[in-house]
Structure formats: structure tokens, C-alpha cells
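Fair warning: this is a prediction, and the values are worked out from it, not measured in the lab. Counting begins at 1 with the first residue of the sequence.
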Amino acid sequence: MKINFYFLNLKITFSIYLKTKLIMKKTFLTISAALCLFFTSCEKQDDSVTPEIDSNQSLNNEIVLDFIDIMNESDNKTKVIDLLSKNSLPVSLETLFSTEISSKKSVPFVDNIQRTRNSNNLESYEFWLQANKSITNFDNVLVAIAPENAENLEHITAFDLQGNKTLLDAKQAPDVPVIVIEKNGFYALQLRSQAMNASLKKAGLQSKGAHTFDTYSSFEKASLETTKLDRIELRDDEEPWIKGGAEIYAITSGIRDTNNSPELKVIPMYYLDHDDQAYYPNQILLFWDEYKYQAANIQLFEQDSNYNYRDLLSIIIDGVAQIAGTLSGQSWVNALGTIGSAIINALPDSWLTDDDDYVDSFYTIEKNKSYNNYYGASGNAKVNMSPFTVLEN
């Protein structure tokens, strides 16, 4: 009964708020009308109320319609669909317009769309095709742009190649093919991962000798002892279809030296797209020569298009930096747990409640130990991991 009274009070409060807001609005319109009668310059003013326009949606619509205009030229439609249907990864804006599309409108389109990016957040436009494998006829293909607040929408705005607007269910993938334009996807994660690691080094939370994941050529040792991710499956990533596969990344953490200095690294997991599906990446997650002790943490996150990655990184760095000075003198096991907890505690509260941005944590993963059907602390990810030695050629 307490819960019912709570919602009843909430409903009454909200109703009073709406009535008050309506009265204020009517009062404002009345005053405006009076002023118009007083000032002759207002005599011809239209007294109709113009609805608020979603500037982001308006801009997205403009981008989509400009792209459709180019698609309708010559054989561009066929070229684009062939390229997108053959690629398992999204196609970058630069690749699409440098190798496939031929149009005088391409240069101004690329220039205009690039100006809409938030360069501070390392956004990067890409194109991909949402379609069932059974679809062979693309005459009714639609084009849509992934909105930043897709998780909160009931409908996605799309257009056919004649420029007609249609609304698609935001939760259920459509049964017609859709070319999706996105700026917070695969290539954005690639850029942000590199930038985040650079920032961790600058903040002193990643050693200069930490191994990169772009190439193995920088490894100097004859052999490297690592832990490899053999299999992973997510229970629920809750990613809307318009945003394609989930962009998952890992933050690994361990102890660097006898002072218990934190060692952090960001590792993109590009292949990890959908929930309830097993992946077998054989991806190295831990290089044990980077740590003083034989245990480390692995925590999984999903890229959040509504949260600037620089702000997120600043939060994590500040959170770990605050506890870094307290780690010296602790047992390394306690220090390792404190670092993992500091990362989680620093996150926005929404990430730990109804959002899907925090995925799971694997604490105190040990060197030379295999893990099979091993669940994370939140039970949202299940992994197989095994020791792996990288040998020099």
C-alpha cells in the first residue's frame, strides 16, 4: 500500500505541475498578445503557436535525404548495397566515397556531414546494412541515421529512395533492408581506445612499456606470458537494432610495482556484437610482464554514445588517482581489489542501474590458470580463458 500511495502522490504532484505550466503558458501568450496590440510593429505577427523542432532530428533527416539524392544517381545504389552486404564490418565514410560512389555531390556531402561530427568526442561516420540474410531484393531499401538517444525512442525515422518518411519500431528490427548511417560505432571505438590509452599513460596509470594491440612487432622479449580470451558470451547487451552490434571494450587493471601503483589499459573488443551468441576471439587480454603480481582484473563496458568518452575517462582517472596514494603498504591482493572497485565506483550511477553501459567484472584473474564457463561478478558475461605464451619468430 505504501508503494500505491507513493505513485498516487507522484501522479497528483505531476498533474498539478502540468496545470501550473499550462496556466503560465496561457498567461505568457495573453501578455504577448497585449504587447502586440500596444506596439504597431506587432500588428502582423502570426499568433499561432509553432511546435518545438528537434534540431538533431532535423539535421539527421537532412543528412539522410542528401545521401539518398546521391544514391539515386547512376548505379550508386547497386554499388553501395553490394559493398555493404559483402562486408561484415561497417564501411567508413572515407572508404565509401573514395572507392565506390562517383558523384559531383559527393565532395560537398562529405564536407557537410564531417562538420556535424563532435570531433572532441572522436565521432566517425560509418555505413552498414541492416538486413536478413534471406533478403535478395533491395528495391524497397530504406535509409536511416542512428540517433544518439535510440534507447529512449519508440520509433526510428527512416526514408525510402523517393524521400518518403516512415517510422520504424525502435525495439524490433524491421523486415525490410535499412542502410544505417552511424557516428558512434566501430571506427569511433577504435579512435577512442587509442586516445584513452594515451591519456592513461599521460596520467601515469599506464607504463610506457605497455604492449600495444596494433602490432606484435614492438614486443622485445623472446616469449611473453599472457592470458587469452578463448570464448565469451553476453547475456544481454540491450542494444537497439539501429545501433548495430554492441561496441564492447575491456579495462584491465593490475599492480605495477612494490608500491602498488595501478596499471590500466583499454582493450577494444570489436567482434563482440550481439548477446546470447558465443564468440571465439583468441584475444590476448593480459600481458603478465606488465604486472608485479600474478593477478589482474578485467572489466567490460559498452561504448555509450550519450556520454563523451573524454568525460568518462576523466572520471575513471580521477577515481583511481584518488585511491592510488592509499595503496602503498596494503597487501597487493587488497590493493588489486581496491583498484577494481575504484573504477566501478567512479562510474555514473545510471551505468549501474538501468543502462547497459557497464557489462561485467572479472576480479583477480590469476596467471597460469584456465577459466571455463566462468561468470563475471554481475553474471552478465561468461568466458573461457587460458594461459598462452607468445613466442618470438
Side-chain angles (χ1 to χ4, degrees), residues 56-57 59-72 76-93 95-97 100-101 109 113 116 123-190 234 236-248 269-277 279 302-306 356:
N56 287 333
Q57 185 61 59
L59 179 60
N60 288 347
N61 293 348
E62 182 181 341
I63 291 172
V64 170
L65 291 173
D66 287 346
F67 179 68
I68 288 175
D69 197 20
I70 295 175
M71 284 269 289
N72 284 325
N76 283 339
K77 171 189 169 184
T78 301
K79 288 181 177 179
V80 170
I81 291 176
D82 284 348
L83 179 65
L84 298 184
S85 60
K86 291 177 182 177
N87 277 271
S88 58
L89 294 177
V91 176
S92 69
L93 174 71
T95 298
L96 184 62
F97 282 89
E100 296 298 323
I101 292 183
F109 173 77
I113 195 174
T116 68
E123 294 174 343
S124 180
Y125 275 103
E126 62 191 36
F127 298 73
W128 55 274
L129 183 64
Q130 163 66 37
N132 296 330
K133 294 182 179 179
S134 59
I135 293 178
T136 57
N137 185 351
F138 292 90
D139 289 341
N140 61 341
V141 66
L142 303 175
V143 181
I145 193 167
E148 294 183 2
N149 60 337
E151 298 89 346
N152 304 319
L153 299 180
E154 293 184 3
H155 298 97
I156 300 296
T157 301
F159 292 85
D160 62 24
L161 295 190
Q162 288 71 49
N164 301 310
K165 183 170 74 172
T166 184
L167 296 180
L168 302 175
D169 191 319
K171 308 301 180 185
Q172 183 68 35
D175 56 4
V176 296
V178 182
I179 295 175
V180 179
I181 306 173
E182 189 175 6
K183 61 181 178 180
N184 287 292
F186 176 87
Y187 295 102
L189 176 60
Q190 193 175 54
L234 300 184
D236 188 8
D237 65 14
E238 298 181 8
E239 189 80 328
W241 68 265
I242 189 67
K243 298 179 75 174
E247 281 79 35
I248 305 292
M269 307 171 79
Y270 302 122
Y271 52 86
L272 193 51
D273 292 333
H274 303 289
D275 54 16
D276 296 323
Q277 179 175 333
Y279 293 87
E302 183 174 353
Q303 179 175 241
D304 181 9
S305 61
N306 299 313
D356 57 339

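Inter-residue side-chain proximity for Phe127 and Ser92 is flagged as unmet; no heavy-atom pair is nearer than 4.5 Å. Using a 4.5 Å cut-off on side-chain heavy atoms (C-beta onward), Glu126 and Leu93 make no contact. Looking at Val141 and Val178, their side chains never come closer than 4.5 Å, going by heavy atoms from C-beta outward. Inter-residue side-chain proximity for Asn61 and Phe159 is flagged as met; some heavy-atom pair is nearer than 4.5 Å. Contact annotation: the side chain of Trp128 approaches that of Glu182 to within less than 4.5 Å [non-hydrogen atoms, C-beta and beyond]. Considering only heavy atoms from C-beta on, Ile101 comes within 4.5 Å of Leu96 through its side chain. Ile156 places a side-chain heavy atom less than 4.5 Å from the side chain of Pro147. The closest side-chain heavy-atom distance from Leu89 to Tyr270 is not below 4.5 Å.
The side chain to side chain donor-acceptor pair (under 3.5 Å) check on Thr78 picks up nothing, with sequence neighbours excluded.
In this structure, CG on Leu153 lies 10.0 Å from CD1 on Ile242, to the nearest 0.5 angstrom. Distance CG/Leu142 to CG/Asn164: 10.0 Å, rounded to 0.5 Å. Expressed to the nearest 0.5 Å, how far CD1 of Ile181 lies from OH of Tyr125 amounts to 8.0 Å.
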Decide side-chain contact (heavy atoms from CB on, under 4.5 Å) for Thr116 and Leu59; before the verdict, give the C-alpha distance in whole Å, the side-chain angles of both, and the deciding distance to 0.1 Å.
-> CA-CA 9 Å; Thr116 68; Leu59 179 60; 3.9 Å; yes
Could you check Ile179 against Met71 for side-chain contact (heavy atoms from CB on, under 4.5 Å), going step by step and ending with a plain yes or no?
-> CA-CA 11 Å; Ile179 295 175; Met71 284 269 289; 3.5 Å; yes
From CA spacing to verdict: side-chain contact (heavy atoms from CB on, under 4.5 Å), Leu234, Tyr279 | CA-CA 9 Å; Leu234 300 184; Tyr279 293 87; over 6 Å; no
side-chain contact (heavy atoms from CB on, under 4.5 Å) assessment of Leu167 paired with Thr157 = CA-CA 5 Å; Leu167 296 180; Thr157 301; 3.8 Å; yes
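The closest donor-acceptor contact from the side chain of Asp169 to the backbone of Gln172 lies under 3.5 Å. Side chain of Ser85 to backbone of Ile81: a donor-acceptor contact under 3.5 angstrom is found.
Scanning both residues, Lys243 and Ala150, for their nearest heavy atoms gives CD-CB, 4.0 Å. When all heavy atoms are compared, the tightest approach of Lys79 to Glu100 is CD-O, 3.2 Å. Residues Asn76 and Ile70 share a closest heavy-atom pair of ND2-O, 3.0 Å. Closest non-hydrogen pair, Phe186 versus Glu247, comes out as N-OE2, 3.8 Å. Here the shortest heavy-atom pairing between Gln130 and Ala173 reads NE2-CB, 3.7 Å. In terms of heavy atoms, Leu272 sits closest to Ile248 at O-CG1, 3.7 Å.
Close placement of the Phe97 and Phe109 rings is indicated, their centers lying within 6.0 Å of each other.
None of Leu65, Asp160, Leu161 except one satisfies the side chain to side chain contact (heavy atoms under 4.5 Å, CB included) rule with Val143; the exception is Leu161.
Salt bridge Asp139/Lys77: present, at least one basic N to carboxylate O contact under 4.0 Å.
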